[in-house]
Amino acid sequence: MIVIDSAGVIQYVNHAWLQFARENGGNQPDTSWLNQNYLNVCDQAAASGDEMGRKAAAGIRKVIANPGEAFYLEYPCHTPNQYRWFMMRITSFSEGGKHWFVIAHNDITERKLAEERVEALSRQDSLTGISNRRNFTFFLDQEWRRCRRNGRPIALAMIDIDHFKLFNDRYGHQAGDDALISVANSLSLACQRPTDHCARYGGEEFIIVLGNTDLERARPLVEDFLERIRELDIPNEDSPDHPILTASAGLTSLVPSAENSQENLVESADKLLYEAKHLGRDQLVAR
Ligand SMILES: Nc1nc2c(ncn2[C@@H]2O[C@H](COP(=O)(O)OP(=O)(O)OP(=O)(O)O)[C@@H](O)[C@H]2O)c(=O)[nH]1
């Protein structure tokens with residue numbers, strides 16, 4: 001923590017400040033902090049392209065201009081081998097007819113790590129560990145915009161496990177969960193390009209987006225996804241169609257434009273999946 005005057009000149013530094021400076025390679029003597037202009041330090045950082053330096057300087061000036069206000073800034077401060085986040089807090093007090101400004105930096109790394117863990121979990125399907133529908137929507141939106149900018153096609157496939165109710169009824173819900181995990185693993189292994197993404201869309205339904213891919217190129221890829229599910233060789237002996245776990249898929253592709261939407265893409269794939277189910281399951285319908 002430091003205290004500055006209204007010109008930005010440091011009047012006081014506490015023990016923790018000095019210790020942090022020593023531990024972080026500052027080899028200046030402890031007393032040299034006093035009378036340094038902290039605003040200048042931030043301005044110099046800003047001039048060398050440091051965005052946080054610019055924000056800090058602006059925040060300090062704002063509180064100096066309005067001493068009743070406070071300013072908070074969360075900023076990363078990583079070293080090559082340490083992930084760190086700090087929060088800078090600027091408040092003021094009056095003493096001897098003058099305003100003084102307290103600048104405190106608190107280590108908030110633990111909180112940031114916890115927030116990042118929560119954020120990652122909120123994007124993940126809790127059973128299978130692959131993306132959930134929310135994260136898929138986010139990815140589709142990015143990929144849609146990219147393909148629209150570049151005038152490139154985007155393909156989308158809906159894949160639904162066949163007769164999964166019969167599977168659950170015969171082998172139990174836990175075996176059903178294990179089967180979903182195996183299917184998810186095999187689909188995510190197959191989706192390796194940065195422009196591809198697979199997610200669990202709902203119960204026994206998976207969704208795959210293939211950026212930069214037309215129908216002709218997408219078709220064999222989705223056929224391969226269905227083959228990978230067959231190759232898992234998970235018995236589904238009560239299925240009236242096949243004694244192993246299979247899936248049906250609907251696939252479509254379009255070039256994003258003002259005349260169509262992401263919802264159109266998903267709806268079309270869903271309709272084609274419905275057709276695949278009605279044609280006898282364990283197959284792809286692509287159009
Ligand atoms: N074990 C398990 N089962 C699930 C999960 N989510 C959905 N299901 C089951 O998936 C089954 C889906 O049944 P239906 O929608 O009738 O579809 P289906 O039996 O696969 O039939 P078709 O799709 O027409 O081939 C239901 O029995 C759900 O309980 C899950 O997380 N774990």
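Whatever order the structure lists them in is the order used to number ligands and atoms, beginning at 1.
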Checklist entry - So which protein heavy atom does atom 20 (O) of ligand 1 come closest to, and at what separation? => result F164 N, 2.7 Å
Checklist entry - With only distance considered, is L127 within less than 3.5 Å of ligand 1 through an N or O on each side? => result no
Checklist entry - Within a radius of less than 6.0 Å around CD of E216, do more than 12 heavy atoms belonging to other residues, nucleotides or ligands occur? => result no
Item to check | Structural part of Q174 in contact with ligand 1, heavy atom criterion under 4.0 angstrom | outcome: neither
Next on the checklist: Can you confirm whether more than 12 heavy atoms, excluding those of R134, are under 6.0 Å from its CZ atom?
Outcome noted: yes
Checklist entry - Which atoms of ligand 1 sit under 4.0 Å from any heavy atom of I161? => result 20 (O), 23 (O), 25 (O)
Next on the checklist: To check your reading of the model: name the closest protein heavy atom to atom 29 (O) of ligand 1, its residue, and the distance in Å.
Outcome noted: N168 ND2, 4.0 Å
Checklist entry - Could you go step by step and tell me if R111 and E74 meet the side-chain contact (heavy atoms from CB on, under 4.5 Å) rule? => result CA-CA 11 Å; R111 198 196 84 205; E74 293 186 0; 2.5 Å; yes
Next on the checklist: Does ligand 1 come near enough to L180 that some N or O of the ligand is less than 3.5 Å from an N or O of the residue?
Outcome noted: no
Item to check | Contact partition for E205 relative to ligand 1, non-hydrogen atoms under 4.0 Å | outcome: neither
Next on the checklist: Within a 6.0 Å radius of atom CD on E95, are there more than 12 heavy atoms belonging to other residues, nucleotides or ligands?
Outcome noted: no
Checklist entry - What protein heavy atom sits nearest atom 15 (O) of ligand 1, and how far away is it? => result E204 OE2, 4.1 Å
Item to check | Top protein contact for atom 16 (O) of ligand 1, by heavy-atom distance | outcome: K165 CB, 4.2 Å
Checklist entry - Taking atom types as modelled and ignoring hydrogens, do the side chains of S253 and D214 form a donor-acceptor contact shorter than 3.5 angstrom? => result no
Checklist entry - Any chance CZ of R89 has more than 12 other-residue heavy atoms, nucleotides or ligands included, within less than 6.0 Å? => result no
Checklist entry - Under 3.5 Å, is there a donor-acceptor pair linking the side chains of D178 and Q174? => result yes
Checklist entry - Within a reach of under 6.0 Å around CZ of F139, are more than 12 heavy atoms found that belong to other residues, nucleotides or ligands? => result yes
Checklist entry - Tell me, which protein residue and heavy-atom name are nearest atom 21 (O) of ligand 1, and how many Å apart are they? => result H163 N, 3.6 Å
Checklist outcome for this item: Test ring pair (Phe, Tyr, Trp, His ring centres under 6.0 Å), reference H105, set Y72, W85, F86, Y75, output is Y75
Checklist entry - Hey, which atoms in ligand 1 end up nearer than 4.0 Å to a heavy atom of D160? => result 23 (O)
Next on the checklist: Tell me whether the rings of F167 and Y171 are parallel (<30°), tilted (30 to 60°) or perpendicular (>60°).
Outcome noted: tilted
Item to check | Per-atom contacts, ligand 1 versus D162 - under 4.0 Å to a heavy atom | outcome: 20 (O), 25 (O)
Item to check | Numbered atoms of ligand 1 (with element) below 4.0 Å of G176, judged on heavy atoms | outcome: 1 (N)
Checklist entry - Any idea which protein heavy atom is nearest atom 31 (O) of ligand 1, and the distance to it? => result R200 NH2, 2.7 Å
Checklist entry - Looking at atom 7 (C) of ligand 1, what's its closest protein heavy atom, distance included? => result G203 CA, 3.5 Å
Checklist entry - Which residue and non-hydrogen atom of the protein lie closest to atom 23 (O) of ligand 1, and at what distance in Å? => result K277 NZ, 2.9 Å
Item to check | Sub-4.0 Å heavy-atom approach of H278 to ligand 1 | outcome: no
